[in-house]
Amino acid sequence: MAVVHVKNLCESTRAKLSEAIAKMEQFLNGSSLQLLNSENDTAMEEFYKGYLSDTRHLLVFSEVSYEKLGVALRRPNFNLDYSEKVLYDVYHSSVNSFFYPKNECYSEDGRYAYTGQDAIRFRKKPNREVRDLTIELSKIFETLREDLAYYETDYITQKRMQGEKV
């Protein structure tokens, strides 16, 4: 890939991660299990525990990627190989963590992706704040997934064909 394209992709990816990080931090700083599960529903407590855990993991993956992209962009000479590795990591850590959360509190239903409806389906009905955050994040991570689609499989295939280890 051309250096200018990868550099622009690093900049736009970093901006999108910054937006997602801000939303997750605001939510996590203002939320607790007790606030989310005010009815003391046992099933909902498990749901929210999983949701909070997945959101914390996603936040950490996103922050690490954000920092690595900053390093890539601040270098005096733009390092294409390092930058592409970072973009690969963004796809396989942050994007995949959002769409395939460990606790499976929600999932993406591809049948809704082209209807204009939200493609996110929750295992249990969450409160409005959790629902809104997840839908907002889905828009950011959907864009990242589209922008970084090359790094899903093509990047590894190309590196292997060049005889490089990834």
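On a predicted model such as this, the values are computed, not experimentally measured, just so you know.
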Would you say the side-chain atoms of S18 pair up with the backbone N or O of R14, donor to acceptor, closer than 3.5 Å?
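Checked: no pair found.
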If only atom types and distance count, is the side chain of N127 paired as donor or acceptor with the main-chain N or O of E129 below 3.5 Å?
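It does hold such a pair.
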Using 30° and 60° as the class limits, which term best fits the ring planes of Y88 and H92: parallel, tilted or perpendicular?
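Geometry flag for H92 against Y88: tilted rings.
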Taking the side chain as every heavy atom from C-beta outward, state whether [X] and [Y] have any pair of such atoms under 4.5 Å apart.
| X | Y | answer |
| --- | --- | --- |
| Y150 | E84 | yes |
| K49 | S53 | no |
| V95 | Y151 | no |
| F78 | V6 | yes |
| Y91 | R145 | yes |
| L144 | L17 | yes |
| Y51 | P101 | no |
| Y82 | R75 | yes |

Output the distance between atom [atom1] ([X]) and atom [atom2] ([Y]), rounded to the nearest 0.5 Å.
| X | Y | atom1 | atom2 | value |
| --- | --- | --- | --- | --- |
| D41 | L36 | CG | CG | 12.5 Å |
| F99 | Y106 | CZ | OH | 8.0 Å |
| E63 | M24 | CD | CE | 7.5 Å |
| L80 | K7 | CG | NZ | 12.0 Å |
| R121 | T134 | CZ | OG1 | 12.5 Å |
| S94 | I21 | OG | CD1 | 7.5 Å |

Over all atoms of both residues, closest heavy-atom pair of [X] and [Y]:
| X | Y | value |
| --- | --- | --- |
| V86 | S65 | CG1-O, 4.3 Å |
| G50 | N103 | O-ND2, 3.3 Å |
| K125 | M44 | O-CE, 3.3 Å |

Holding to salt bridge (Lys or Arg N to Asp or Glu O under 4.0 Å), I want the full list of residues that pass it with D132, two or more places apart in sequence or in another chain.
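D132 satisfies salt bridge (Lys or Arg N to Asp or Glu O under 4.0 Å) with R128 once adjacent residues are dropped.
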So, D89 and K85, do they make that salt bridge, N to O below 4.0 Å?
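Result for this pair is yes, salt bridge flagged.
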Co-membership, hydrophobic cluster, residues V130 and I120, 4.5 Å side-chain
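The answer is yes; both residues are in one hydrophobic cluster.
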Hydrophobic cluster identity match, F61 and V71, side-chain contacts under 4.5 Å
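No, no single cluster joins them.
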A quick test of your reading: do over 12 heavy atoms of other residues, nucleotides or ligands sit less than 6.0 Å from CD of E104?
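Counting neighbours around CD of E104, 12 or fewer heavy atoms of other residues, nucleotides or ligands fall under 6.0 Å, so no.
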More than 12 heavy atoms from other groups under 6.0 Å of NZ on K16
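More than 12 within 6.0 Å, yes.
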Quick check: F98 with F141 (ring centres under 6.0 Å apart)?
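They qualify: ring centres under 6.0 Å apart.
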Could you work out the complete set of other residues in the hydrophobic cluster of V4, with links drawn between I, L, V, M, F, W and Y side chains under 4.5 Å apart?
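Members other than V4 - counting any ILVMFWY side chain reachable under 4.5 Å - there are none.
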Identify every side-chain donor-acceptor pair in residues 25-34 under 3.5 Å, counting partners at least two apart or on other chains, and give the distances.
{"from": "N29", "atom 1": "ND2", "to": "E25", "atom 2": "O", "distance (Å)": "3.2"}
{"from": "S31", "atom 1": "OG", "to": "F27", "atom 2": "O", "distance (Å)": "2.7"}
{"from": "S32", "atom 1": "OG", "to": "L35", "atom 2": "N", "distance (Å)": "3.1"}

